[in-house]
Amino acid sequence: TRPYFSREIALYRQTDSGIALHRFYPMEDPDVGKQLQGSSLLYEINLDSKETQILFFKNTAINAHVFDFSLHDKFSSTRALINKSFMSNIIVSIIIALGFYNLILYLFGDRREYLYFSLYLLNSGFGLFYMYGSLFHNLHFYGAFTQWFNLTAILVPYFLSLYVKNIFDAATTSVVLNRLLNAVIIFSILDLIVALIFGIGLAFQMLPIVFLASFVTIFYLCIKYYRERHPLINIFIFAYVAYIAGMSMTLFSINGVISFGYHYFYASGIGLIIEALMFSYLLRHRVLLLERQITLHQASEQKLDYLANHDVLTGLPNRRLFFVISSTFIKTAKRERQRFVIVFIDIDGFKAVNDSMGHKSGDELLQQISQRIQAALRESDLVARIGGDEFVILLPNTTVDSSIDPLFNGLLEKLCIPFELQSGIAEVGASMGVSSYPEHGQTMDELVSRADNAMYDVKKQGKNNWQVAT
């Protein structure tokens with residue numbers, strides 16, 4: 001039998017004088033192990049040929065009457081005792097190993113979902129360690145205190161709720177679900193308090209309420225996130241159904257709803273292993289999803305940063321980025337006594353092209369203009385588009401003298417070459433104003449303003465030329 005499910009067992013034998021008590025097993029007595037073979041009650045019967053013997057068992061159960069009788073000869077009895085805990089030891093070892101594995105992942109990764117999952121598995125593993133009799137068979141623990149291992153059943157909904165709250169981020173994604181999970185946690189804690197104050201028996205009578213609340217909550221979670229097509233819900237449903245199916249078969253067999261059998265008795269452990277493996281996969285999948293979200297978020301931030309600092313049409317730095325870079329540059333120039341030149345360019349005739357050929361052609365023209373300007377400059381030079389048809393250039397380590405004439409004249413020549421657009425040929429020119437640091441200003445605003453004024457002087461004088469600020 002499985003005597004650890006009982007408070008006491010009395011064995012009666014019928015004799016010629018009537019029914020008499022033959023053996024008594026007080027299961028809450030720590031010394032009862034001397035009468036047992038591990039977790040088994042072994043009773044030896046010696047019968048002659050055609051002799052019969054009638055035995056009666058009186059069982060006082062803790063929660064349910066569980067009988068697992070088997071008849072063996074001496075050889076098969078020894079083999080049955082050796083192999084009895086084989087399956088249970090495998091199941092419990094796998095679950096506890098997975099529990100410690102996830103605990104290690106938590107210690108090295110500091111992710112709470114691994115902590116709650118490890119506690120859920122360790123708690124369930126120790127519960128099965130008691131239910132399958134391994135506590136008695138392997139460790140030879142006996143007595144009333146072993147019944148406190150039933151507290152693991154109370155803690156199953158508690159740890160499962162904490163795990164679910166974390167992986168689905170219930171606190172921020174669903175107010176209703178978060179409240180339901182909190183209710184299950186509170187019910188579990190109250191049932192635990194009842195067990196500690198009034199005893200495990202009363203707590204077990206309340207346990208169905210806790211499990212019902214947990215089941216209803218998980219059922220609501222599955223429906224809600226399945227409708228929302230949550231990326232983790234299919235894995236979670238498969239894992240939870242495996243657990244419920246296995247646990248149901250075990251409970252039904254223990255409570256006599258279905259006939260007792262090893263495959264039903266161990267179904268809870270097998271279901272829990274399947275759930276544990278699927279939950280482990282779920283955690284890994286969740287980490288991958290979080291990493292993907294972080295990558296997308298970083299890419300989005302980089303794109304927003306790029307858009308905030310660059311001209312979308314030409315890809316050149318915009319006014320904001322130009323002044324950020326140039327402000328840093330001017331500080332270096334002051335400290336190291338360097339000189340540099342600012343060139344302000346306004347495209348002559350751009351408005352006429354934009355109006356006559358359309359905005360699409362105008363955009364194409366600006367793109368080609370920016371390419372020609374960049375092609376005429378050094379890698380160390382900085383060019384930005386700061387307005388509709390306005391560009392500004394920063395030429396480091398440059399002074400305003402005859403050596404820069406070829407650069408400006410060559411740039412004007414490039415911009416005067418007709419542009420081949422999809423809608424036709426466009427011809428424009430350029431007016432350029434030049435200012436020099438430190439002669440024309442000590443700040444970038446002053447230098448750009450002086451170059452801008454010089455550019456307007458060029459326009460007044462006939463356009464398509466360049467001039468140094470005066």
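Here, residue 1 is the first one in the sequence, and each next residue gets the next number.
- With contacts defined as side-chain heavy-atom distances shorter than 4.5 Å, the pair Val392/Val383 does not qualify.
- Looking at Asp311, its side chain never comes within 3.5 Å of a backbone N or O of Arg385 through a donor-acceptor pair.
- Side chains of Thr217 and Arg179: no donor on one and acceptor on the other come within 3.5 Å.
- Here the side chain of Ser124 pairs a donor or acceptor atom with the backbone of Tyr120 at under 3.5 angstrom.
- At distances below 3.5 Å, at least one donor-acceptor pair connects side-chain atoms of Thr250 with backbone N or O atoms of Phe265.
- In this structure, the side chain of Asn166 does not engage the main chain of Asp169 through any donor-acceptor pair within 3.5 Å.
- Side chain of Lys334 to backbone of Gln442: a donor-acceptor contact under 3.5 angstrom is found.
- In this structure, the side chains of Tyr12 and Leu55 stay at 4.5 Å or more apart for every pair of heavy atoms.
- Counting heavy atoms from C-beta outward, Leu221 and Tyr225 have side chains that approach closer than 4.5 Å.
- Distance alone, capped at 3.5 Å, places no donor-acceptor pair between the Ser253 side chain and the Leu251 backbone.
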*Take Phe236 and Phe168 through the test ring-ring contact (aromatic ring centres under 6.0 Å, His included) and record every step on the way to the result.*
CA-CA 10 Å; Phe236 181 85; Phe168 288 104; 5.4 Å; yes
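- Lys165 places a side-chain heavy atom less than 4.5 Å from the side chain of Asn178.
- Annotation: side chain of Leu289 is in contact with side chain of Leu232 (closest heavy-atom distance under 4.5 Å).
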*Please assess Thr398 against Tyr437 for the test side-chain hydrogen bond (donor to acceptor under 3.5 Å, both in side chains), listing each intermediate value before the final yes or no.*
CA-CA 9 Å; Thr398 305; Tyr437 173 84; over 6 Å; no
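- Asp191 and Ser188 share no donor-acceptor pair across their side chains, judged by distance under 3.5 Å alone.
- Around the CD atom of Glu336, the shell of radius 6.0 Å holds more than 12 heavy atoms that belong to other residues, nucleotides or ligands.
- The cationic atom of Arg372 (NZ for Lys, CZ for Arg) lies less than 6.0 Å from the six-membered ring centre of Phe419 and within 45° of the ring axis.
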